[in-house]
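Sequence lines set the chain letters: A, B, ... in the order given, protein chains first and strands last, and positions in each chain run from 1.
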Amino acid sequence: MSIFGGRFRGGVHPPEMKETASSEIVRFEAPEKLYIHLFQGFGSPSNPIVKKGDRVLKGSVIAEPSSKFSAFLHSPVSGIVEGIVKWPHSSGKMLDAVAISNDFENKSEIRGEARIHDQLTSRAITEIIRNSGIVGLGGAAFPTDIKLSPPVGKKIDFLIVNGCECEPYLTSDDRLMIERTDEIAEGAKIAARVLSAPNIVFAVEDNKREAIAELKKKEDSRISVSILPTRYPQGGEKQLIFAVLKRKVPAGGLPADVGCVVINVQTAFSIYRSVVYGVPLYERVVTLGGFFRKPGNILAPIGTTVGDIINARGGIPDDVDKIVLGGVMMGVSVSDLRIPVAKGTSGILLLKTEKKKEFNCIRCLRCSDVCPMNLTPRLAYYLYKKGDVYDGAKNCIECGSCAYICPARIPLVHYLKWAKAK
Amino acid sequence: MEEEARRFKFKVEISPHIVSPVSVSVMMRDVLIALLPAFAFSVYLWGSPVLKVYAVSVFFACFSEWLFLKIRKRKFENDFSAVVSGVLFAMVLPPKIPLVYVAAGISFGIVFGKQFFGGLGYNVFNPALLGRAFLMASFPVAMTSWISPLDATTTATPLGDWKFHHTIWETGKLFFGNIPGSIGETSALLLIIGGIYLIVRRTIDARIPLAYILTVFVLSAVYYFFDRSSGSPVFHIFAGGLMLGAFFMATDPVTAPANKKGRVLFGIGCGIFTLVIRHFGGYPEGVMFSILLMNAFAPLLERIGEPKAFGEV
């Protein structure tokens, strides 16, 4: 497959740090209290449909979408709703969350047996996916049902299943590809059927040999595996489409404009679970990396607080001074251990940072060299200082390659985000 | 309670949460490493007196920077950029230069060329070259008195011989560097080795030296075709300070245009001016003035060729 592809522009190769790559995914037992934010990181916050004192079961709907770009939320445990509370969110704000007290009875409203789904229409499947609250699990948390309903008239010929996991430290997708290959492949087939896409490509970076070997077994006339060189941000949608198919998504356009839809491997897995077993999205695989006393990969219920997970894993070593949700390149650092795991939380990393000495920009152009979108990140910083807005920032994907490479240690992502927001 | 206290311990910073190990200081140290072979060779050629030139130059580079920042009530932080300027400045001086001129020249370069503009990153002109231009204007005799390597007799440089006596030195000598000239500029070979190291380490952009050297080569080849006494293209690229200037001076990112097309044009401009000065100017060598001239054009060249975003048409 890769013979059709190209090397995406720019990019960096930070230390891979995939030390948890051989740690099997283990279930994380739901704690006593869970806090599920109505805002999961994308679109508008969902509307709660439960109130204080309501009894919920595992899989019960607790919130409904408030708009097209919003998702259903489900309870990961059986228990009692403690109310809608203001709770710390990874954005740094206090946001509404449904607080659920776990009764540890583990009563579920999910049917156990498999559903025959071959006869379901595309519409019926997207309906199931929407009702299951499935969103993009690569981190963006974009509602999957919308992704699987491209604009009318756009023909999709390739479904790309993104297993690049180009972020350092993270191994949750890697483990899932190794352990749940069948389910991912089935989920991808379901998604491809919805899209009427004739081809499925699994895109994996070459540092994931075991996952590649497993996926290769699934290859047939319509499924192929594209092995890509390890480079960040390979998993960026536009970069990936170029790397796999050499197609350029127009600036400001969608992958559907070039006949592609990209979904993450965990999203494919969730599609399978929801369509076949009716399991909504209330848990996800999270990598515990960095200086965890017990690192690994866990299947964590959404709403479990970071503090609960850290405590169960031996606590925080003294010299850890940064907690990151997501990957080191794009994740957010948080200071509050009460922040819960959200649908887009691919990892929790405990890091020890060094004091960074900032210099003046020496115009070395490295930021432009590594920018996968061919921008001039330096200008965002220069223009910001002049009180001006860098127009090119609208195309920025916030991958952080520029700030990673910057020898002057200028927080370029900050200036780019600022310009983007203007 | 304990948890409450710990909550504020954690840093909240914008992503990314890791940075590459290459900082500005590391890049500057790379330049010093790249200059090592040429430095060692210069000590071999001119003997221990040049060590004093290097020492005075580096000391006054750092000292003038420290003093200026002290007066401005700013903190001096050694990012090795002043050290690089100091070493490069020493390398472009004649071996017999009086030490007091060395101190004056580099202090002028650092204070007027760099700190007046706001320090590293803001300077318009290369500080080392500006210091040299200052000495050239103030003390022309000292700046044009050359000696032979090893025996220290008074002589002319290959470019001086070419310009004023119409004699051409053999290419092999120019390439290996056993010739009169500025302290660190004589060995084309060792400077090319250092330059390649910097290109491999991505500390400098190969576009500038390649455009510069190719331009000199092609233009002097054309000139040579019509006038056999004008010096062969090979002579012109190995003689004088071209290699030092092309790999170590013109590539200073601060004073070169900060985009790719601009950098190619910058290199071509340096090449043209170098030959214009060599052929038609009063001085035999034009590398220094050509780079300073193009430094002034850098902001203009930067406006050409701002790249398009991926997917934009």
Determine whether a donor-acceptor pair (N or O, by modelled atom type, separation under 3.5 Å) exists between the side chain of Arg366(A) and the backbone of Arg202(B). yes
So, the part of Asn395(A) with a heavy atom under 4.5 Å from chain B: the answer is side chain
**Prompt:** Does any donor atom in the side chain of Thr353(A) or Lys11(B) lie under 3.5 Å from an acceptor atom in the other side chain?
**Reply:** yes
Item to complete: For Lys248(A), look at atom NZ and say whether over 12 heavy atoms of other residues, nucleotides or ligands are found less than 6.0 Å away.
Response: no
Output for pair (Ser333(A) OG, Ile14(B) CD1), nearest 0.5 Å, gives 8.0 Å
Turns out that what part of Lys238(A) lies under 4.5 Å from chain B's heavy atoms comes down to both
**Prompt:** Within a reach of under 6.0 Å around NZ of Lys357(A), are more than 12 heavy atoms found that belong to other residues, nucleotides or ligands?
**Reply:** yes
Turns out that what part of Thr251(B) lies under 4.5 Å from chain A's heavy atoms comes down to neither
Looking only at Met373(A), Met329(A), Arg363(A), the option with the highest number of non-hydrogen pairs under 4.5 Å against chain B is Arg363(A)
Q | Residue pair Ile18(B) / Pro168(A), side-chain heavy-atom distance below 4.5 Å | A | yes
Taking every heavy atom of Tyr122(B) against every heavy atom of Lys385(A), the minimum-distance pair comes out as OH-NZ, 3.0 Å
Exercise. Mind checking whether Arg409(A) and Val24(B) have side chains closer than 4.5 Å, heavy atoms only?
Worked result: no
Okay, Pro14(A) and chain B: the region with an atom under 4.5 Å from a heavy atom over there is side chain
Point to revise | Atom OH of Tyr382(A) with >12 non-hydrogen neighbours under 6.0 angstrom | key: yes
Counting heavy-atom pairs under 4.5 angstrom with chain A, the leader among Val26(B), Val22(B), Thr255(B), Asp252(B) is Val22(B)
Heaviest contributor of heavy-atom pairs below 4.5 Å to chain A, chosen from Ala258(B), Ser81(B), Gly119(B), Ala256(B), is Ala258(B)
Original post:
Does the distance from a Lys or Arg side-chain N to an Asp or Glu carboxylate O, for Arg378(A) and Glu302(B), drop under 4.0 Å?
Top reply: yes
Applying a strict 4.5 Å limit to non-hydrogen atoms, the region of Thr203(B) in contact with chain A is both
So CG of Leu120(B) and SG of Cys361(A): to nearest 0.5 Å the spacing works out to 9.5 Å
Between Gly400(A) and Pro16(B), the two heavy atoms sitting closest are O-CG, 3.4 Å
- Item | Whether over 12 other heavy atoms sit under 6.0 Å from Glu32(A) CD | no
Ranked by heavy-atom pairs below 4.5 Å to chain B, first place among Gly392(A), Pro411(A), Pro15(A), Pro407(A) goes to Pro407(A)
Near Lys422(A) NZ, under 6.0 Å, is it more than 12 heavy atoms from other residues, nucleotides or ligands?
no
Here the gap from His17(B) atom NE2 to Tyr169(A) atom OH, rounded to the nearest 0.5 Å, amounts to 11.0 Å
If one checks every heavy atom of Met330(A) against chain B at 4.5 Å, the contacting part turns out to be backbone
Whatever's closer than 4.5 Å to a heavy atom in chain B on Leu412(A) counts as neither
Under 3.5 Å: donor-acceptor pair, side chain of Ser335(A), backbone of Val12(B): no
In this structure, CD1 of Ile204(B) is separated from CG of Leu365(A) (nearest 0.5 Å) by 13.5 Å
If one checks every heavy atom of Val324(A) against chain B at 4.5 Å, the contacting part turns out to be side chain
query = Sub-3.5 Å donor-acceptor pair from the side chain of Asn374(A) to the main-chain atoms of Phe310(B), do we have one?
reply = no
Scanning both residues in full, the closest heavy-atom pair of Asp79(B) with Phe359(A) reads CB-CE2, 3.5 Å
On a heavy-atom basis, the closest approach of Cys364(A) and Pro253(B) is CA-CB, 3.7 Å
Heavy atoms of Pro21(B) and Tyr404(A) approach each other most closely as CD-OH, 4.4 Å
Okay, Leu351(A) and chain B: the region with an atom under 4.5 Å from a heavy atom over there is side chain
Separation between CD (Glu13(B)) and NE2 (His414(A)), nearest 0.5 Å, reads 12.5 Å
